[in-house]
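Residue numbering restarts at 1 for every chain, and letters A, B, ... go by the order of the sequence lines. Treat the numbers as computed from the prediction; the structure is a model and nothing was measured.
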Amino acid sequence: MIWARITAGGVLLALLLIALLISVEIIDERRPVWERLAAQPLYVRWGVYYLLIFGLIVLGTWQGQAFVYMQF
Amino acid sequence: MFLNSFSFLAFFAALAIAYYAVPHRFRWPLLLVASLYFYGTFSPSYVVLLLAVTLVAYWGGRGIEASDGTRERRALLTVSAAAVVGALLAFKYYDFFATSLDAALATAGLGGSTPLFPRLGLVLAVGLSFYTFSCVSYLVDVYARRLPAERHFGHFALYVSFFPKLLAGPIERAEPFLSQIRRPVRFSAPGVTLGLQVMLWGLFKKVVIADHLASFVDAAYAQPTFSSSADLVLATYFFAFQLYCDFSGYSDMAIGASKILGIDLMENFRRPYLSTSVSDFWAKRWHISLARWFRDYVYIPMGGSRVSRIRQYGNVLAVFLVSGLWHGANWTFVVWGGVNGLYHVLSLMTRRARARLAEAIAVPAPVKTVLSVVVTFHLILVTWVFFRAESLSDAYTILGRAAG
């Protein structure tokens, strides 16, 4: 029942994205992610860029959603 | 033109190429024209308001610097800051206060059939809350002689209108910004790379994470009485991350775009949900540029922590209430600020007791950190309900159903 709810309608994706965010922040807390990335070989760096760009294209919302803080 | 649109990405790419192609002396005019054009895409009338506020702050600063007498300086500061803040008050709060006052009069049995205070129906110009704060900080800094008044009108106008930060900050201080646009920028490959990386991550946080979470949050919060308790709880957790990704995504795009142009803006977020206390969250990690603005231009002038304890608590509460109201003309934001203020006061009151308790309980440091992070996150989570709900009654419904 719970599993059905989680996998339905993108909740699982939402949870995975939050997990990704928290992981990046925990890694960043000790040493900036960009510094760590700069120390990596070329294929790792470009692998990360392509993954992010791929994520933007496949999962991104491109209907020009306004930013929350622009209303303030 | 939103930062998360293809038109902005195209505009920015063209601008960045032109920026590095022209000599230093043409760069500030290029950035200024680009910034005004960018703002004009929302509404040309906004540009007029922006220039009017800029002119007032520019002449205010020059006037304060040119006058010797304390009384004269103070009068000039008061007039120019009141004009700048007055624009914000009129556009953002006038109708809210008019409606609230009429409602209060009606409750007291004093109201007539027609409202006593006419409504102006002004539309809040996007970014006004942010650039008016930049102008006020500049005026106060000139008044306090921390900063010479800027003579170059073009540089000053660029400080106020610089497009990456215009719509939603970071609320930059004048000195670091002006000193950067004065000196020639050389193209730096590592700087541009870092700027692109930060922009990419910011864009990802906004269009992938925040916008995906928003659909759940919007659905549950639209009609809380018809949403299940489980949906409301899930939506509130999602909103915490939606808001963070939305706003820090914007800030990252602003900081990254600026970095590509060789200009460093201040940090606005520092992993806020890893805060180990509410004061850690507010003082060092969430919307840092606004928190510092309130600290330097409201809290410290009120006496800050150099007053009696009771006054200090009052100051903290007042700052949080005003900061709540800054977010929007709605009682939900006032309560949101008030609850955060209460947290802060309670943490000040219990500081010693908590330190003693922490010493008495033998818990390994990592466990303590994780516990603090989880507790802090949930304290903040409760306040987000007020931040997101359409009305106070909605917020109470959501909290009641989530608790039951």
Side-chain angles (χ1 to χ4, degrees), chain A residues 1-40 42 44-72, chain B residues 1-8 42 92 124 126-130 167-169 190 193-194 196-198 200-201 203-216 230-231 234 237-238 240-247 249-251 253 270-274 287 326-328 333 387-388:
Chain A
M1 174 65 186
I2 291 176
W3 184 246
R5 269 184 65 87
I6 287 176
T7 49
V11 176
L12 183 64
L13 176 63
L15 295 174
L16 288 174
L17 288 172
I18 292 173
L20 169 74
L21 174 79
I22 295 175
S23 313
V24 170
E25 304 251 300
I26 289 173
I27 294 169
D28 199 47
E29 182 80 358
R30 301 214 166 169
R31 190 176 151 210
V33 164
W34 306 122
E35 242 177 58
R36 290 173 190 261
L37 200 60
Q40 296 296 319
L42 194 74
V44 174
R45 268 182 286 149
W46 279 93
V48 171
Y49 301 154
Y50 277 122
L51 271 179
L52 285 176
I53 293 169
F54 184 72
L56 280 174
I57 295 167
V58 176
L59 304 170
T61 308
W62 292 99
Q63 281 96 41
Q65 303 283 329
F67 286 89
V68 173
Y69 261 70
M70 274 171 49
Q71 66 182 297
F72 297 147
Chain B
M1 198 188 325
F2 294 155
L3 265 62
N4 53 335
S5 63
F6 289 116
S7 47
F8 174 77
F42 290 93
K92 195 166 176 177
L124 173 67
V126 59
L128 183 67
S129 313
F130 294 88
L167 305 179
T193 308
L194 182 61
L196 283 169
Q197 288 172 336
V198 174
L200 179 62
W201 179 233
L203 191 61
F204 185 88
K205 280 195 283 189
K206 165 63 180 166
V207 303
V208 177
I209 307 182
D211 288 348
H212 183 67
L213 296 175
S215 54
F216 298 97
D231 281 347
L234 188 69
Y237 275 96
F238 280 4
F241 292 100
Q242 180 209 336
L243 183 67
Y244 171 53
C245 286
D246 193 288
F247 193 18
Y250 171 88
S251 295
M253 287 200 74
R270 205 176 285 160
R271 303 167 295 282
Y273 292 145
L274 299 181
H287 204 177
W326 176 88
H327 284 80
F333 291 117
F387 196 93
R388 177 60 182 81

Which one of [options] has the most heavy-atom pairs closer than 4.5 Å to chain A?
options	answer
Val208(B), Leu196(B), Val198(B)	Val208(B)
Asn4(B), Leu167(B), Ile209(B)	Asn4(B)
Phe8(B), Phe6(B), Tyr273(B), Trp326(B)	Phe6(B)
Leu243(B), Val126(B), Asp211(B)	Asp211(B)

Original post:
Taking the six-membered ring for Trp, are Tyr250(B) and Phe67(A) parallel (under 30°), tilted (30 to 60°) or perpendicular (over 60°)?
Top reply: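 Correct class here is perpendicular.
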Subject >> Distance, nearest 0.5 Å, that separates CH2 of Trp34(A) from OG1 of Thr193(B) >> reply: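 So the gap between those two atoms works out to 11.5 Å.
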Subject >> Distance (rounded to the nearest 0.5 Å) between Leu17(A) CG and Phe204(B) CZ >> reply: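 Those atoms lie 6.0 Å apart.
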**OP:** Among the options Val33(A), Asp28(A), Leu59(A), pick out the one with the most heavy-atom pairs lying under 4.5 Å from chain B.
**Re:**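 Ranked by contacts with chain B, first place is Asp28(A).
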For the student: nearest non-hydrogen atoms of [X] and [Y], plus distance:
X	Y	result
Val68(A)	Asp246(B)	N-OD1, 2.8 Å
Ala14(A)	Leu213(B)	CB-CD2, 3.5 Å
Glu25(A)	Tyr244(B)	OE2-OH, 2.8 Å
Leu21(A)	Cys245(B)	CD2-SG, 3.8 Å

**OP:** Let me know if Ile22(A) has heavy atoms under 4.5 Å from chain B in its side chain, its backbone, both or neither.
**Re:**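 Side chain only.
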Subject >> Per-residue contact mode, Val58(A) against chain B (heavy atom under 4.5 angstrom) >> reply: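 For Val58(A), no heavy atom lies under 4.5 Å from chain B.
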Original post:
For Arg30(A), does the CZ atom sit with more than 12 other heavy atoms under 6.0 Å from it, leaving out its own atoms?
Top reply: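 No, CZ of Arg30(A) has 12 or fewer neighbouring heavy atoms, counting only those of other groups under 6.0 Å.
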**OP:** Start with the C-alpha gap between Tyr237(B) and Ile18(A), add the side-chain angles, then the distance that decides, and say whether side-chain contact (heavy atoms from CB on, under 4.5 Å) holds.
**Re:** CA-CA 10 Å; Tyr237(B) 275 96; Ile18(A) 292 173; over 6 Å; no
Original post:
Quick one: does His212(B)'s side chain get under 4.5 Å of Leu13(A)'s, heavy atoms only?
Top reply: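 When only atoms from C-beta onward are counted, Leu13(A) and His212(B) do touch, with a gap below 4.5 Å.
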Original post:
Between Leu200(B) and Leu56(A), does a side-chain contact (heavy atoms from CB on, under 4.5 Å) hold up when you go through it step by step?
Top reply: CA-CA 9 Å; Leu200(B) 179 62; Leu56(A) 280 174; 3.6 Å; yes
